[in-house]
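Each remark here refers to the structure printed beneath this line.
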Amino acid sequence: LAKTAMNYDQTLERIGIKAGASGDQLDKLDGVMKKLTTDTVYSMDEIATAAEYMVQNGMNVNEVIDNLASVTALATVGNIDLGRSADIVASTLNMFSRQGLTGAQVANIFASAANSSGANVENLAKSLENCGPQAAALNIPFQQVVATLALMGDNAIKGGKAGTAMKNVLQRMAAPTKDVASAIKEFHLEGAQAKIVTGDLKGGLLDLMDALNLNKVSSKDQQRAIKQLAGAYGAAGLTSVINTSKDEMLVMFDAMEKG
């Protein structure tokens with residue numbers, strides 16, 4: 001116990017130095033962390049280490065205080081290490097900072113997606129590492145990004161593979177190659193492209209689903225268009241989303257939007 005208390009105190013001191021926190025702020029953080037130790041299955045050391053990870057990801061002490069409970073909740077629901085949960089929440093908030101998300105929203109959306117699809121929290125986080133920066137740059141709502149990754153997860157396309165597929169689509173729509181431009185023109189995808197690059201991924205995907213529906217185009221033409229739009233590596237991911245039923249897609253997006 002003495003060693004645990006010493007480790008905890010040392011971690012709290014490091015947090016104060018790294019975050020440039022005042023004594024009052026550290027006292028408040030200390031109270032929050034000790035309460036979480038009482039209210040959860042996590043030890044003092046684990047809680048303090050998670051808080052330190054959050055600071056290392058650029059959070060100030062007040063932000064750690066506001067979001068630490070969400071980190072413990074996500075770790076429990078997602079069955080992941082508490083430090084990993086801290087990294088996921090903090091990095092996601094940083095990535096989508098323009099959208100004013102809270103830690104509670106991030107944790108709830110990850111948990112909802114994991115409970116509604118074949119992708120777990122770790123899968124989704126790995127996907128975001130690949131596609132999150134591009135999605136955030138286009139100001140695509142975090143909820144829509146996770147919903148799309150969850151749909152891919154239902155088709156066994158998870159982790160880095162799903163993230164790369166989405167990154168390819170977003171990059172190629174934002175800066176069309178010759179192949180992409182050709183597919184957009186041939187299949188009348190100008191509206192879909194415009195929606196995606198202005199942040200409406202849901203609307204863009206629905207337009208793609210309609211334009212490339214197998215009742216309108218042959219399977220061969222659909223796959224040719226998808227490969228042009230997503231590239232060889234991203235084709236399977238985009239195919240899985242495009243060939244999802246419209247009702248299933250809308251249910252997933254609605255669930256994520258409700259958080």
Side-chain angles (χ1 to χ4, degrees), residues 1-115 119-130 132-133 136 142-143 145-146 149 158-160 163 259:
L1 287 176
K3 184 176 180 180
T4 296
M6 182 181 296
N7 290 340
Y8 175 86
D9 289 342
Q10 289 173 345
T11 303
L12 186 60
E13 184 179 352
R14 288 197 304 271
I15 289 170
I17 293 170
K18 292 175 181 177
S22 68
D24 287 344
Q25 286 176 315
L26 285 182
D27 287 343
K28 186 175 181 181
L29 176 60
D30 179 46
V32 168
M33 292 196 294
K34 286 177 177 174
K35 186 176 188 307
L36 284 172
T37 300
T38 302
D39 294 345
T40 69
V41 299
Y42 301 107
S43 69
M44 291 173 63
D45 270 357
E46 289 172 319
I47 296 286
T49 298
E52 188 173 16
Y53 278 136
M54 295 168 78
V55 169
Q56 289 171 347
N57 272 281
M59 285 190 163
N60 61 44
V61 170
N62 289 335
E63 290 169 332
V64 173
I65 290 169
D66 290 341
N67 293 293
L68 194 52
S70 299
V71 168
T72 61
L74 181 62
T76 301
V77 171
N79 193 28
I80 56 176
D81 177 79
L82 189 59
R84 175 60 174 149
S85 179
D87 183 58
I88 291 171
V89 171
S91 61
T92 301
L93 289 174
N94 287 338
M95 201 179 296
F96 292 89
S97 60
R98 293 166 60 191
Q99 298 180 15
L101 295 169
T102 65
Q105 287 175 307
V106 169
N108 288 341
I109 292 164
F110 268 116
S112 180
N115 289 333
N120 60 31
V121 170
E122 183 62 34
N123 295 151
L124 294 164
K126 285 289 188 184
S127 297
L128 272 182
E129 289 174 7
N130 284 1
F142 174 65
Q143 296 89 333
V145 177
V146 175
L149 294 171
K158 308 173 186 179

Seminar exercise, completed: In short, A111 meets V77 closest at the heavy-atom pair CB-CG1, 3.6 Å

Exercise. With side chains defined as the heavy atoms from C-beta onward, is the minimum distance between D66 and T102 less than 4.5 Å?
Worked result: no

Exercise. What heavy-atom pair brings T11 and A48 nearest, and what distance separates the two atoms?
Worked result: CG2-O, 3.4 Å

For this session: Would you check if the side chain of T72 reaches a backbone N or O of A69 as a donor-acceptor pair within less than 3.5 Å?
Result: yes

For this session: For the pair K34 and D30, find out whether any cationic side-chain nitrogen is under 4.0 Å from an anionic carboxylate oxygen.
Result: yes

For this session: Indicate yes or no for a side-chain donor-acceptor contact from R98 to the backbone of A136 under 3.5 Å, with no hydrogens or angles considered.
Result: yes

Exercise. So which heavy atom on G103 is nearest to which on N67, and how close?
Worked result: N-OD1, 2.8 Å

For this session: Measure across S22 and Q25 and return the closest heavy-atom pair with its distance rounded to 0.1 Å.
Result: N-OE1, 2.9 Å

Seminar exercise, completed: Tested for side-chain contact (heavy atoms from CB on, under 4.5 Å) against E63, the lone hit among N60, I65, V61 is N60

For this session: Answer yes or no: are there more than 12 heavy-atom neighbours, outside N79 itself, under 6.0 Å from its atom CG?
Result: no

For this session: Mind checking the CG-OG spacing from L128 to S91? Nearest 0.5 Å is all I need.
Result: 8.0 Å

Exercise. N57 side chain to Y53 main-chain N or O, any donor-acceptor pair under 3.5 Å?
Worked result: yes

For this session: Report the distance from atom CE of M59 to atom CG of N94, rounding to the nearest 0.5 Å.
Result: 6.5 Å

Exercise. What closest approach, in Å, do S70 and A107 show between heavy atoms, and which atom pair accounts for it?
Worked result: O-CB, 3.7 Å

Problem set entry | Euclidean distance, K35 NZ relative to T38 OG1, rounded to 0.5 Å | 8.0 Å

Problem set entry | Trace of the side chain to side chain contact (heavy atoms under 4.5 Å, CB included) decision for E122 with R84 | CA-CA 9 Å; E122 183 62 34; R84 175 60 174 149; 3.0 Å; yes

Exercise. What is the distance from atom CE of M33 to atom CD1 of I47, rounded to the nearest 0.5 Å?
Worked result: 8.5 Å

Exercise. So, S85 side chain and L74 main chain: donor-acceptor pair closer than 3.5 Å or not?
Worked result: no

Exercise. Are the side chain of Q99 and the backbone N or O of F96 linked by a donor-acceptor pair below 3.5 Å?
Worked result: no

For this session: Please indicate whether Y42 has more than 12 foreign heavy atoms, meaning atoms of other residues, nucleotides or ligands, lying under 6.0 Å from its OH.
Result: yes

Exercise. Taking the side chain as C-beta and beyond, is there a heavy-atom pair between L29 and I15 under 4.5 Å?
Worked result: yes

Exercise. Roughly how far apart are S112 OG and L124 CG, rounded to 0.5 Å?
Worked result: 10.5 Å

Problem set entry | Rounded distance (nearest 0.5 Å) linking atom CZ of F110 with atom OG1 of T92 | 4.0 Å

For this session: I would like to know whether T40 and T76 meet side chain to side chain contact (heavy atoms under 4.5 Å, CB included); could you show each step before the answer?
Result: CA-CA 9 Å; T40 69; T76 301; 5.9 Å; no

For this session: Please confirm whether the backbone N or O of G160 pairs with a side-chain atom of S127, one donor and one acceptor, at under 3.5 Å?
Result: no

Problem set entry | CA sep, side-chain torsions, deciding dist, call: I88, I80, side chain to side chain contact (heavy atoms under 4.5 Å, CB included) | CA-CA 10 Å; I88 291 171; I80 56 176; 3.8 Å; yes

